[in-house]
Amino acid sequence: MTARTVAALQHQQIRILVRKCIVFDDRPSREEFALNRTIRLIATLALWSVPLSGQALAHARLVQATPEINSTIAAPPTEIRLRFSEPIEARFSGVDLSGPDGAKITTEIAVQDKDMVAPVSRSLAPGVYQVDWHVLSADGHKVKGNFKFEVRP
């Protein structure tokens, strides 16, 4: 840098300081104001995203099943009972029960809050059964899953 450039930069810095301190009473410059506004906006968005992030991850998940997942039971169940981590919508939820031969066993469901119950329409013969379930959680997300259990007298 030449001496002339250094002098010009010093002169510009002095002008900024004078303008800032005397003329504008210590108010921030346009650049500083824009930067402060941007920082405040980012901080506000970050603070708002914390409580909302829990809702975004709150899909209904299966927390309990009767018969238990991958269990062996001595007596055939009279119903399939599923409990979820949050309320579910009955109209868009269901349970399919498949027998050892792969044939579907008819089930109707009843939903109350977080629980879905599907009475088993007939006595189940010994063998491995698969439960396929699907639900629409109250937050609007579709979730599905399956598990097996075995009837062995």
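- Taking every heavy atom of both residues into account, A65 and F147 meet most closely at CB-CZ, 3.8 Å.
- Taken to the nearest 0.5 Å, the CG atom of D115 stands 8.0 Å off from the CD atom of Q64.
- Counting heavy atoms from C-beta outward, I105 and S98 have side chains that stay 4.5 Å or more apart.
- Residue E150 qualifies as enclosed at atom CD: its count of foreign heavy atoms under 6.0 Å is above 12.
- Following chains of ILVMFWY side-chain contacts shorter than 4.5 Å, one can reach F84 starting from I69, so the two form part of one hydrophobic cluster.
- The shortest heavy-atom contact between R152 and T72 is CB-CG2, 3.8 Å.
- Between P100 and V128, every side-chain heavy-atom pair lies at or beyond the 4.5 Å cut-off.
- Residues T78 and V120 have side chains not in contact (no heavy-atom distance under 4.5 Å, counting atoms from C-beta outward).
- Cluster partners of F92, using a side-chain heavy-atom cutoff of under 4.5 Å among ILVMFWY residues and allowing indirect links, are L136.
- Here the NE2-CD distance, from H59 to E86, works out to 8.5 Å after rounding to the nearest 0.5 Å.
- Heavy-atom minimum distance, V135 versus S93: CA-OG, 3.3 Å.
- If you take NE2 on H134 and CE on M116, they are separated by 7.5 Å, rounding to the nearest 0.5 Å.
- The closest side-chain heavy-atom distance from P77 to T66 is not below 4.5 Å.
- Within the structure, salt bridge (Lys or Arg N to Asp or Glu O under 4.0 Å) contacts touching residues 91-101 (residues at least two apart or in different chains) do not occur.
- Heavy atoms only, all atoms of each residue included: S137 and A60 are closest at CB-CB, 3.4 Å.
- Cluster membership check: L62 does not share its hydrophobic cluster with V117, using side-chain heavy-atom separations under 4.5 Å among Ile, Leu, Val, Met, Phe, Trp and Tyr.
- Residues satisfying the ring pair (Phe, Tyr, Trp, His ring centres under 6.0 Å) test with Y129, not counting sequence neighbours, are F149.
- Atom CD1 of I109 sits about 7.0 Å away from atom CD1 of I88, to the nearest 0.5 Å.
- Looking at T107, its side chain never comes within 3.5 Å of a backbone N or O of A118 through a donor-acceptor pair.
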